[in-house]
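Report on the structure given below.
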Amino acid sequence: MTTYDDTNIFAKILRGEIPCNKAYEDDFAVAFHDINPQAPVHVLVIPKGPYVSLADFSADAPPELITGFYRAVGATAKQLGLEEGGYRTLTNTGADAHQEVPHFHLHIFGGRDLGPMLVR
Ligand code: 5GP
C-alpha cells in the first residue's frame, strides 16, 4: 500500500490552503493552471482523493472516482476550448518519469502544435 503524504503541495491546493488559478472543479476533481507552463495552455487535473500516482489511483480508487476524474479531464479540455485544435494529456509516475508532486495528476497541454510525443 502506497503511503500518501498529505503535506504535498496539491493536497494543500485541494484543501484551499494555498491559491491556484482554477480552470474547472466538480465533485471528483479540480483543474488548475500549472505554475510553470510548458505550452500556451498547461493545466493540471487532480482527483479529490489521497492517491500518490496513477499506480495507486488505478488500483485502489473507487470506480466512480476513476470515472468522474476522467470525465473531469475531458470537461476541462472542452471548457478550455481545446477540442477543436486538439490537446495532449500526460501523467508522470515515479522516478523515471520525474514525477515531482506525490499527488496523482494529469497534465493537459494545448494551444499550439505540440510536436512529437517525446523529445528524447
Ligand atoms: P510532475 O513533474 O509531478 O508531473 O508535475 C508537477 C507539476 O506541478 C509541474 O509542471 C510544476 O510546474 C507544477 N507545480 C508545482 N508546484 C505548483 C504549485 O504550487 N502550483 C501550481 N499551479 N503548479 C505547481
Side-chain angles (χ1 to χ4, degrees):
M1 187 82 174
T2 313
T3 305
Y4 179 80
D5 173 8
D6 70 0
T7 65
N8 78 77
I9 198 88
F10 293 172
K12 290 178 182 174
I13 285 175
L14 263 186
R15 292 194 295 267
E17 293 168 8
I18 63 165
C20 69
N21 182 6
K22 206 172 280 183
Y24 178 87
E25 181 170 15
D26 63 20
D27 288 346
F28 304 102
V30 180
F32 51 90
H33 293 268
D34 197 289
I35 204 167
N36 182 24
Q38 305 296 311
V41 179
H42 183 178
V43 164
L44 302 166
V45 190
I46 65 174
K48 290 185 172 178
Y51 302 97
V52 173
S53 75
L54 181 65
D56 58 335
F57 183 71
S58 60
D60 303 331
E64 57 272 21
L65 180 57
I66 295 174
T67 302
F69 174 77
Y70 282 102
R71 287 199 199 285
V73 172
T76 301
K78 185 172 187 174
Q79 189 168 296
L80 290 165
L82 296 176
E83 279 196 347
E84 190 181 345
Y87 59 95
R88 178 170 294 155
T89 62
L90 180 150
T91 293
N92 293 316
T93 304
D96 278 357
H98 295 238
Q99 181 180 358
E100 287 172 20
V101 181
H103 181 111
F104 171 50
H105 52 282
L106 181 147
H107 299 253
I108 300 175
F109 301 102
R112 65 164 166 81
D113 183 323
L114 295 166
M117 190 160 60
L118 289 176
V119 203
R120 64 187 168 95

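Just so you know, ligand 1 is whichever comes first in the structure, and atom 1 is the first atom listed for that ligand.
When non-hydrogen atoms are compared, ligand 1 lies under 4.0 Å from neither the backbone nor the side chain of Thr91.
Annotation: atom 14 (N) of ligand 1 to nearest protein heavy atom, Ile35 CG2, 3.8 Å. When hydrogens are left out, the protein atom nearest atom 7 (C) of ligand 1 is Asp34 OD2, 3.5 Å; that is the closest non-hydrogen contact. Looking only at protein heavy atoms, the nearest one to atom 8 (O) of ligand 1 is Phe10 CZ, 3.4 Å. The closest protein non-hydrogen atom to atom 2 (O) of ligand 1 is His98 O, 3.1 Å. Closest to atom 22 (N) of ligand 1, if we only count protein heavy atoms, is His33 O, 3.0 Å. The nearest heavy-atom contact from the protein to atom 19 (O) of ligand 1 is Ile9 CG1, 3.5 Å.
For atom 5 (O) of ligand 1, the choice among Glu100, Lys22, Lys12, His105 with the nearest heavy atom turns out to be His105.
Between Gln38 and ligand 1 there is no heavy-atom distance shorter than 4.0 Å.
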What side-chain donor-acceptor pairs closer than 3.5 Å can you find for residues 47-55, not counting sequence neighbours?
| unit_1 | atom_1 | unit_2 | atom_2 | d |
| --- | --- | --- | --- | --- |
| Lys48 | NZ | Glu25 | OE2 | 2.8 |
| Lys48 | NZ | Asp26 | O | 2.8 |
| Ser53 | OG | Ala55 | N | 3.1 |

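A donor-acceptor pair under 3.5 Å is formed between the side chain of Gln99 and the backbone N or O of Gly94.
Ring-plane geometry between His42 and Phe109 is classed as tilted, the angle between the planes lying from 30 to 60 degrees on a 0 to 90 degree scale.
Any N or O atom pair closer than 3.5 Å counts here, and Gln99 shares no such pair with ligand 1. Backbone and side-chain nitrogen or oxygen atoms of His42 are examined, and none is located within less than 3.5 angstrom of a nitrogen or oxygen of ligand 1.
Grouping Ile, Leu, Val, Met, Phe, Trp and Tyr residues whose side-chain heavy atoms lie under 4.5 Å apart, directly or via other members, places Ile46 in a hydrophobic cluster with Ile9, Phe10, Ile13, Leu14, Ile18, Val30, Phe32, Leu44, Val101.
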